[in-house]
Amino acid sequence: AGPFCPVNTIQSEFITALVLLDRQPLQVRWFIGNSTGGVLGDIVQPEHSQMRLVIRTTYDPIANAVPGKKCYTFSIEDDVGDGLCCNRGNGTFQVYLGWEPVYVNNGEFGYGERIRFGRDCDQPVQVVDAVAATLELIYDNFPNQTTWHFEKADGTYLHGIDNSTVDPAGRVRIQEIVHWFPETPEDECLYFFILDSGGDGVCCDGDPNRVVSGANGRYDLFVNGTKVYGTVGRFGYGERIQFGRDCPFVVTPATVLSVTLNLGTLANETLWYIGDSSGALIGTVDRGTFGQNSALARQVVFDPVSGPNECYTFTIVDSAGDGMSGGSYSILVDQRTITTRPTASIGFGERVRFGNNCTQSPLQVFSGMAASFMLDFVYPPTVGARWMIETVDGEILFSSQSGGLYTNTTKLQALTEFLSLTTGPQVIMSETVYHFPDPSIPGDDCLFFTVVPGTGTVSHTASAESSIYLQPAPRTSLYFDLEVNGVSVTNYTGMMGWGQRIRFGNQVTCGGPFVTRGILLVLEIGLDRRANETSWSITDLTTNEVVASVPAGFYSGVSGAVTETIPAYTETEYRLDVFDSGGDGICCSNGQGYYLLYQDDSVVSSDVAANTPLTLLLQGDGTFGQSVSHVVNTTNPLVDPAVP
């Protein structure tokens, strides 16, 4: 008998929408989307010449390799609220999955509908009505001072116009319509933000206390054609409107945060920005940048969400570490000066936390610490390298490419594969990050620097589940030097092995540096036919920190076995937790799965001989119901005496 080729049948996922237009085709648009309504393909906006015609729209998720579960949407919107029917001619639309019709509408859908369908959807067919919000805005004589946008309650940006796109030569009248599809009570609310850099709204010709004929603008908001708010344009620096079909109506004035800086000499060494209480940049506001050469600079930030009694930060750094001779800065909230500080003695920088709702006090100042690292490592172009600097509580200050496997926000999240090199096998880089230790947080003046190599490939032998082999990455040589405030605290030259993790910082209070050599944990999971139900986590039981995890849904659309590699840095016990949201483990009626956890603790990755089995720490057959836990012990030396 000749070779046998197994038959593999894949059900069609080809999506077709047939839309018969009424006599007003410019009022309607539609698109095919993923399960959450994200656009797949194009948004169809018909032309006037297509009235009373049938328009065919298609999309093939298989051909376009759409990831995730097989659940899709068809969304159609109408600006007037009469669908495709009635006194403008009766239209219809139909949606097909493969050859099967999944939904037919006679054209009566108001402002719009979203149809969710597919083999992996929670319901066979789900229909969600659209809500339309309309803005009618008349700008004042300074339209380039005004910017506005709509966003959903979860922060999703829907539509807006910034002042750079408005003709500054005169008054402009506009009408804009946005549609959204609320599915929960929280979704019912929409937010409208409008800001004016002149501080007089869209009225008054520059004077908010004086009404000038012909110079005053206004705006009105409508929900499904009904007016819900109107103003003559007196909103100062800005406001946020919460409104919706079934949502409490709230108007929140904007808070104006401003900083005036006298940069003094060598202004190009300076970087500054306004942030939230943790120091994260607020919204999409541009930060002050290196290269600012003017003697006097000013930055204004509008926050229409938090209000003047919240907590904010102003961060300023100096790349040379010598401050700014003769300089100063002032922080203002709603035009009231909070503090004025000289810049001559800031060293590498400082962070000011201010606001009535700050936890410690209304005004705190934290001195900056500049942590610099220089990396030089050599490896073949196909092998990756990963690195990051983090604080003691897991805040990542700098890392290689973000994203990938690790979804928790603490250790090792940022350790993702560095892009393959195209110009040669050597990487040389130098970076500086700034940290502002909080004395109320124990150990906050300590940082962790982590660098690991590409982990090679892992292969599985079908004849024995317990035999898994590491195809090692080629030898990776490494040099690094770490500095704090311009002073070298440690350096290393040698082989990278499975990586290095160094605790360093203020040598008086942090001590060290302390070096931890890496080990590698390898987790293999044989998935059942409901892979989207499977999730897992690995926890360091010494620190109670999750070092790696994936959530439910991560393996949607994946079949067979998956292998994950996790660098670890502690001689301790680890706990593996495997979860199944369906409550039947990874087994039984959906196919028999399994899970295996291995360890490799070689000092140098290339010391592992090809096809040498890793150490098996535990195994399970997938029969565990909703969750199962295992505790394992590793044998990694904490401090490598060969590393200074």
Side-chain angles (χ1 to χ4, degrees), residues 79 132-152 155-180 189-223 227-244 249-260 273-274 281-288 297-308 312 332-335:
D79 291 341
T134 303
L135 166 69
E136 293 183 354
L137 169 64
I138 301 175
Y139 289 91
D140 61 11
N141 285 338
F142 303 93
N144 60 337
Q145 293 179 348
T146 305
T147 182
W148 59 265
H149 75 275
F150 290 95
E151 66 181 51
K152 293 170 63 178
T156 302
Y157 177 92
L158 292 179
H159 178 58
I161 294 177
D162 64 38
N163 51 19
S164 65
T165 64
V166 180
D167 184 359
R171 304 178 72 203
V172 180
R173 179 172 187 151
I174 63 170
Q175 183 185 71
E176 299 284 342
I177 302 174
V178 296
H179 296 76
W180 81 103
C189 291
L190 197 69
Y191 293 100
F192 174 72
F193 296 79
I194 187 166
L195 302 171
D196 187 81
S197 61
D200 62 349
V202 288
C203 82
C204 318
D205 198 25
D207 182 354
N209 299 312
R210 180 167 60 95
V211 176
V212 179
S213 176
N216 297 305
R218 62 172 296 115
Y219 76 88
D220 301 290
L221 293 172
F222 302 79
V223 175
K227 184 176 176 178
V228 296
Y229 183 67
T231 175
V232 295
R234 293 188 177 189
F235 54 80
Y237 282 96
E239 62 187 9
R240 181 188 73 170
I241 313 299
Q242 174 185 290
F243 68 106
F249 184 84
V250 181
V251 179
T252 306
T255 294
V256 185
L257 309 175
S258 55
V259 178
T260 302
Y273 67 92
I274 296 174
L281 191 69
I282 291 180
T284 57
V285 178
D286 291 334
R287 63 177 64 194
R298 186 167 183 264
Q299 182 184 46
V300 179
V301 174
F302 310 96
D303 185 357
V305 180
S306 301
Y312 304 97
L332 301 89
V333 176
D334 289 337
Q335 309 307 310

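Just so it is clear, the structure is predicted and the values come from calculations on it, not from any experiment.
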Next on the checklist: Applying ring-ring contact (aromatic ring centres under 6.0 Å, His included), can you list everything that pairs with H179, at least two apart in sequence or on another chain?
Outcome noted: none
Interatomic distance, [X] atom [atom1] to [Y] atom [atom2] [nearest 0.5 angstrom]:
{"X": "F235", "Y": "D196", "atom1": "CZ", "atom2": "CG", "value": "5.5 Å"}
{"X": "D140", "Y": "T146", "atom1": "CG", "atom2": "OG1", "value": "5.5 Å"}
{"X": "L195", "Y": "R240", "atom1": "CG", "atom2": "CZ", "value": "12.0 Å"}
{"X": "Y191", "Y": "K152", "atom1": "OH", "atom2": "NZ", "value": "12.5 Å"}
{"X": "W148", "Y": "E239", "atom1": "CH2", "atom2": "CD", "value": "14.5 Å"}
{"X": "L137", "Y": "Q175", "atom1": "CG", "atom2": "CD", "value": "11.5 Å"}

Item to check | L190 to A133 - nearest heavy-atom pair and separation | outcome: CD2-CB, 3.7 Å
Item to check | Exercise: identify the closest heavy-atom pair between F249 and V228 | outcome: CE1-O, 3.8 Å
Next on the checklist: So L257 and L332, do their side chains get closer than 4.5 Å, heavy atoms only?
Outcome noted: no
Checklist entry - Does the side chain of L135 come within less than 4.5 Å of L221's, by heavy atoms? => result yes
Checklist entry - Are any side-chain N or O atoms of T147 and backbone N or O atoms of I161, one a donor and one an acceptor, separated by less than 3.5 Å? => result yes
Next on the checklist: Ring centres under 6.0 Å, that's the criterion: do F243 and Y229 meet it?
Outcome noted: no
Next on the checklist: If we check ring pair (Phe, Tyr, Trp, His ring centres under 6.0 Å) with Y219, which of these qualifies: F193, F192, Y139?
Outcome noted: F192
